[in-house]
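Please read the structure below before turning to the comments.
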Protein chains: 2
Amino acid sequence: MSVTDISMSQTDITYTHPMGRWQPDARGRLGAAAIELYLSQGFEATTVAQIAERAGVTERTFFRYFGDKREVLFAGSQELLDAAIAAVRNAPDAPALDLVAAGVDAAAGILQLRQDHARVRQSILDANPSLQERELLKMAALTSGMASALVERGVDPVDAGLAASLGVSVFSQGFVRWIAADERRDYLEIVRESFERLRALAG
Amino acid sequence: MSVTDISMSQTDITYTHPMGRWQPDARGRLGAAAIELYLSQGFEATTVAQIAERAGVTERTFFRYFGDKREVLFAGSQELLDAAIAAVRNAPDAPALDLVAAGVDAAAGILQLRQDHARVRQSILDANPSLQERELLKMAALTSGMASALVERGVDPVDAGLAASLGVSVFSQGFVRWIAADERRDYLEIVRESFERLRALAG
DNA sequence: GTCTATAGGGCGATAGAC
DNA sequence: GTCTATCGCCCTATAGAC
């Protein structure tokens with residue numbers, strides 16, 4: 001049950017840091033500190049104060065960058081979402097489910113590059129229902145984002161919602177299999193096979 | 001994006017209340033008080049202390065019945081889950097997607113009886129992402145519950161997961177349409193039409 | 001039942017960059 | 001002067017420990 005996220009550091013790299021009073025990249029340091037602590041002590045046992053201290057900032061600064069303690073683990077999910085939606089938007093004309101497949105392919109292709117990180121992150125999520133909830137919310141955002149992109153391309157709204165749901169189901173279920181220890185195939189391959197199975201199931 | 005829950009009062013009705021020192025059905029009163037306050041003041045603005053006071057119990061009692069402030073809105077979702085899983089288990093032999101359809105039918109049939117309440121509850125959820133997260137977790141539980149039931153009946157695990165996901169997608173999307181003000185059809189009808197569309201999409 | 005740690009938000013102050 | 005990042009200290013409610 002889960003997917004998402006890539007980079008821990010999401011700082012705006014086009015902005016040259018003033019390099020004055022404070023160390024640059026507070027966001028990146030907070031993200032790294034959080035993952036280290038969540039891994040070594042567990043998510044619940046880690047306080048925001050500890051994260052902030054390790055990153056050399058105050059608690060208040062943590063909440064400036066991340067709305068809550070969970071959000072720090074989802075810094076990369078926006079990138080995934082954007083890539084998927086862009087792919088749906090730009091795919092060559094085709095039936096709705098194929099457009100969604102293009103979006104899912106794009107997202108899987110990004111995750112693919114960081115299987116090690118995905119596994120670490122997933123091990124943290126697996127132990128915490130409250131993190132799983134957040135993950136589900138991100139997946140719901142992916143669903144509605146792709147659905148909107150389909151509607152923009154002229155797909156009927158009901159069909160768009162269903163097709164996007166199917167795509168995200170394939171993506172999520174494929175993810176679980178992909179990070180399993182004994183799985184040798186790559187993510188894209190798994191996702192594509194799942195789409196085939198899905199067509200068979202419905203037909 | 002949402003579904004679930006029926007009754008606010010989930011007290012064990014087979015148990016005859018002692019009717020002694022305390023008013024009976026503390027759980028039911030807490031549930032009713034919470035919904036009233038969430039509606040009139042908003043979810044965030046309502047404190048557990050207010051709910052407890054209105055129900056005539058202490059804060060501590062609230063947390064004895066409900067794990068957290070959100071859970072009070074999901075008292076009925078277990079019933080829905082159980083009904084769906086039982087239906088999948090007991091449906092006559094058929095392809096996986098038809099078994100899932102039986103489960104979804106059962107759940108929709110229950111919700112059907114309380115459209116007014118479903119609308120009220122949904123209006124509270126719509127305004128609060130943290131409640132939407134919890135709803136998604138319940139839907140995920142429904143998915144994995146139905147998937148397990150399918151596996152028990154001999155369906156391949158991967159197919160089971162996909163089929164259950166499809167079913168829950170239909171259920172959730174159908175729910176949104178069903179509670180829309182201008183929708184005249186009943187929930188079961190909408191759900192059945194969605195299954196048809198889904199087959200068309202994949203075919 | 002009571003007690004307490006912690007999440008998370010409000011807001012003005014401060015120290016730099018431009 | 002303006003803007004932006006951070007601090008620091010305020011607060012309350014949640015949720016869990018005892």
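Letters A, B, ... are given to chains in the order of the sequence lines, protein chains preceding strands, and every chain is numbered from 1. Heavy atoms only: backbone and side chains are in, while hydrogens, waters and symmetry mates are out. This structure is a prediction, so every number in the text was calculated from the model and none was measured.
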May I have all residue pairs that pass salt bridge (Lys or Arg N to Asp or Glu O under 4.0 Å) and include part of residues 141-158 of chain A, sequence neighbours excluded?
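Sorted pair list: A/R89-A/E152, A/D93-A/R153, A/D156-B/R197.
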Pairs meeting criterion salt bridge (Lys or Arg N to Asp or Glu O under 4.0 Å) with involvement of residues 161-188 of chain B, two or more places apart:
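For residues 161-188 of chain B, and leaving out neighbouring residues, the salt bridge (Lys or Arg N to Asp or Glu O under 4.0 Å) pairs sorted by first residue read B/E183-B/R185, B/R185-B/E193.
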Rounded to the nearest Å, what distance is computed from the [atom1] atom of residue [X] to the [atom2] atom of nucleotide [N]?
X	N	atom1	atom2	value
A/W22	C/dA13	CH2	P	16 Å
A/L30	D/dT6	CG	C1'	11 Å
B/R64	C/dT2	CZ	P	15 Å
A/R29	D/dT6	CZ	C1'	11 Å
A/N128	C/dA7	CG	P	13 Å
A/L37	C/dT6	CG	P	14 Å
A/Q41	C/dT6	CD	P	11 Å

Can you check each nucleotide of nucleotides 9-18 of chain D against protein heavy atoms at under 4.0 Å and return B for base, S for sugar-phosphate only, - for none, in 5' to 3' order?
B---SBB-BB
For the side chain of A/R21 and the base of C/dT14, is some donor closer than 3.5 Å to an acceptor across the two?
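Yes.
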Step through it carefully: locate the ring centre of A/Y187, locate the ring centre of A/F171, and say whether they are under 6.0 Å apart.
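They qualify: ring centres under 6.0 Å apart.
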I'd like to check the side chain to side chain donor-acceptor pair (under 3.5 Å) partners of A/E71; sequence neighbours left out, ordered by chain and number.
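Scan of A/E71 (side chain to side chain donor-acceptor pair (under 3.5 Å), adjacent residues dropped) gives A/R134, A/K138.
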Qualifying residues under side chain to side chain contact (heavy atoms under 4.5 Å, CB included), relative to B/E59, sequence neighbours excluded:
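Side chain to side chain contact (heavy atoms under 4.5 Å, CB included) check on B/E59 returns B/V48, B/A49.
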By salt bridge (charged side-chain N to carboxylate O under 4.0 Å, His left out), which residues pair with B/R60, not counting sequence neighbours?
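Salt bridge (charged side-chain N to carboxylate O under 4.0 Å, His left out) check on B/R60 returns nothing, list empty.
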